[in-house]
Each structure stands twice: as structure tokens, then as C-alpha cells.
Amino acid sequence: MKQSLLFAPTLKEAPKDADVKSHKLMARAGLIKQTAAGIYTYLPLARRAMNHIERIIREELDQRDCSELLMPALQPRDLWEESGRWGEYGPELFRLKDRKDRDFCLGPTHEEVITQVTRDYINTYKKLPLALYQIQTKFRDELRPRFALMRGREFIMKDLYTFHTDDQDLDLWYDKIMKAYTVMFERMGLQTKIVSSDTGQIGGKEADEFMVMSEVGEDTISYCDTCQYGANQEFSGLHEKDPCPKCDSGTIKEAKGIEVGNIFKLGTKYSESMNAYYNDKDGQKTPVVMGCYGLGISRTLMAVVEQNSQEHAMVWPKEVAPFYVHVIPLKTNQEEDMAAAQSIYKTLNQQYDVLIDDRDERPGIKFKDADLIGIPYRVVIGKDLKDGLVEFTNRYTGEKKLVKVAEISQHIHR
Ligand code: ATP
Ligand code: MG
């Protein structure tokens, strides 16, 4: 991709309302643009990174026999009356009317729709288990939209729903998806901690959250300094120095976290209220047992930036990086330099996503933008080209060295 044609409007100054590192950086690097409070446009660099996050999610879920569908954002009131949530949900639910004065909402989550979609099909135990997910835009009229993508009023979520004959099968799948989440977040370059949580608006009997430990997180986590115990403080009520409820020797510590994922054992809450029953082996009418598993994609993108960047420079994890190699000719008006840059670009682009800075700008501007955007590997074509050398930077190690043009690809690692 030619940088001259990339829409990445970098800024000298972060917007005034940006008070966390990731928000400042994402605005300055030309990744996001605010459209209204809590509503953002994902510019091409962010869209590319998010595509990579989505690819990881799809790979991990598809290989575990989950299949992707896409449900509508616009949902009729009737379904929400069936579950009882039209009355329960409160002002976070975006409600609207159609031209015939019928009530609708913009989906904040999709338990009602997925139950309606599957309930006729799942009429016998032979149709179970079943696992369906979507990647879709959600709407919640949050009281305090904050930190750009961290708490938006419109955001992108992956939501998976599983259906089972009984609690035992749900437990098996719940563990399997929990492992899938752990793998996904690792691949995204995120360190997460799993903590028990309240079931909140979604309901059900048991839930766990995936937390990215960070000072800017809105949740407080109580965790044990000795064993694996961890819980959202809202749920556990445990504070610093309390004894651990799980092991004998541990003491509770507190830390802030960003909730990037939340998984729930719903049980039969929706199947009973919305009449989703199947016939078991003995022909008994039985409510379908359900699980649901959310992962906030846009919030995860922001957490990736928060956890993987310096104050003025992004360092993208390999699998999420919008581009992998940045080729930067310093003098675009020198024919030889440009020819070399084009040839390097062509070769590397067969294997990697490469961005070439073909803009007629001063080196200072090119370097500043390159630091902001933070592509993992950088090749600068400058004065040493006459000796067949270019400057190669590995942004993970910070190492910068002169390498032979013919040997560049040996220095790039997957
Ligand atoms: P929170 O407690 O942060 O408001 P929640 O528990 O209401 O979130 P869930 O219903 O569990 O959210 O949604 C699943 C995932 O969607 C969350 O783990 C989070 O990653 C993401 N998410 C939820 N609300 C938002 C939002 N307003 N903006 C961006 N992402 C969100
Ligand atoms: Mg949650």
C-alpha cells in the first residue's frame, strides 16, 4: 500500500478530551475520528488492525466447531417482552419506533434474537450441542461514554451463543471456550486475567470476565497473591489485605482492569421465558441449556494499544499490526532511491503487508509519522544505498542496523 493513498490523518496534538495514552495515540496516529460522543469512525489503520483481531477470533472459534452468522441490529419489542427485558433494561437501551408506530430497539446484545432464531430448529436432543457466533455492531446509550473505544455508545462485539441438553455439556463447552479466549488474547499480544463476575443484565448463574490489567481500567479486581483466585470487586466485595477465600495462606490484593471479554452460563433463563424446548431421549419436553460469550472487539483494540505502546509510539503485536513492514525512502525525488524502494517493496509485499512511504515529505515528518503508526519492522532507504545498504529497525528490540538490500527478508520474523 502506498502511504500517499492511505487515509491516516496524523495529528501533532491529541484531542483535548483524550486523557489516556491509548486514546491520545490512536487519535494522533490517525486511527480513529470522533463522530459524536461515544461514537467513532474506525479509519483504515484501525480497521486493518480490527480485521486482524477478527481473523484470530474466527480461526479459534471455527476450529472449535462454532459457526458464524449475522443477526440484525434492529430488534422488535415483542422479543424483548418475551424475555421480560423490555421493561428491565433501562435507559441504556436505544429505543425507537418505525413509521407504523411499532417499537424497536438497537441491539445491545442478542440473547432474544438468537433464541428466536434457533428455537424451532432445536426440537430434539439430536440437534444439540450447537454453537453460533457473530461479529456485529452493538448499541448502548452509556451514561458515561469514555476513553474513546473503551466505552462507546456504538461498538463492535463478537458474541457467541451455545446450546446444550444439560448443565454438564454446558460446562464442557464453557471450559473449551474459556481456553479459546485465552489463546485468542495471547495471539493478540494481550495479557489477561480471568476473574469471576456477577451476571448483571444478561442473567444466568455463573460468569467470568477476561481482564487486561491496566491503571486506566474501570473495574477493580480482587486477586490472591498466592493462588489463582480472582474476582471482580463488585462481585466479591473483597478488599486489599482480606484473607483469600480459596486458599489458606493467600492475601487479597487489588488492581485495575479493562474488561475485554465476559462469558456466562445462562442456563435456562431465556429458553424458559422464550419457550425454547427440545424433546430428550425419553421424549420429555426439556428447556435448552444456554451459554453466551462476549468479546468487545473495539475495546480490545484499544486495550492492545494501551498495553503495547510507549507514550509517543505504538508497538503493534505481530498478529494485530495493520502493516508488518514499513519501507521509507527518504528522498522521493532521487530516481535510484525510489527504484530501490519499489523493488524492496515488491519483494517483501509477496510475503507481508507492506506500507511504502512514497510521500514527498521531509525525513523528519516521515520518521515522526512512522513512530506514531508503529509498524513492527522498518526499512529506511537513505545515504548508504550507494554501498548497497539500508537501515533496518526491529521495533520490538529497538535494534537498528545497516543491512544489505538482498538480505532484508532474513531479518524479518513472523
Ligand atoms: P461494562 O461492565 O464494561 O459496561 P458489560 O459487562 O456491560 O461491560 P457485556 O454485556 O459483558 O458488557 O459485553 C461483552 C463485552 O463487550 C465486554 O466484555 C466488553 O469487552 C464489550 N463492551 C461492553 N460494553 C461496551 C462499550 N460500551 N464499549 C465498548 N465495548 C463494550
Ligand atoms: Mg460484562
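A quick note: this is a predicted structure, and the numbers were derived from the prediction, not measured. Whatever order the structure lists ligands and atoms in, that order sets their numbers, starting from 1.
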List ligand 1 atoms under 4.0 Å from [X], heavy atoms only on the residue side.
X	answer
Val260	18 (O), 20 (O)
Arg151	1 (P), 3 (O), 4 (O), 26 (C), 27 (N), 28 (N)
Leu149	29 (C)
Glu142	24 (N), 26 (C), 27 (N)

Starting from atom 22 (N) of ligand 1, what is the nearest protein heavy atom, named by residue and atom, and what distance separates them?
Phe155 CE1, 3.5 Å

Identify the protein heavy atom lying closest to atom 17 (C) of ligand 1, giving its residue, its atom name and the separation to 0.1 Å.
Glu259 OE2, 3.2 Å

Any atom of ligand 1 sitting under 4.0 Å from a heavy atom of [X]?
X	result
Met150	yes
Gly152	yes
Thr109	no

Check for me whether Lys246 meets the cation-pi criterion with Tyr229, that is, NZ or CZ under 6.0 Å from the six-membered ring centre and within 45 degrees of the ring axis.
no

Lys253 with Asp225: basic N within carboxylate O range, under 4.0 Å
no

For Asn232 and Phe235, indicate whether the former's side chain and the latter's backbone hold a donor-acceptor pair under 3.5 Å.
no

Is the distance between the Mg ion (ligand 2) and the nearest N/O/S atom of Glu259 smaller than 2.8 Å?
yes

Within 2.8 Å of the Mg ion (ligand 2), is there any N, O or S atom belonging to Ser197?
no

Please determine, by modelled atom types, if Asn394 and Glu399 share a side-chain donor-acceptor pair under 3.5 angstrom.
no

So among Phe392, Tyr377, Tyr396, which one has a ring pair (Phe, Tyr, Trp, His ring centres under 6.0 Å) with His411?
Phe392

Exactly one of Lys366, Arg395, Gln310 should register a side chain to side chain donor-acceptor pair (under 3.5 Å) with Asp371. Which one does?
Arg395

Going by the closest heavy atom to atom 10 (O) of ligand 1, which one wins out of Met157, Glu92, Arg140?
Arg140

Kindly indicate whether the side chain of Asp357, heavy atoms from C-beta on, has any atom under 4.5 Å from the side chain of His326.
yes

Below 3.5 Å, N or O to N or O, backbone or side chain included: is there any such pair between Ser298 and ligand 1?
no

Could you check, using the six-membered ring where one of them is a Trp, whether Tyr278 and Tyr125 have ring centers closer than 6.0 angstrom?
no

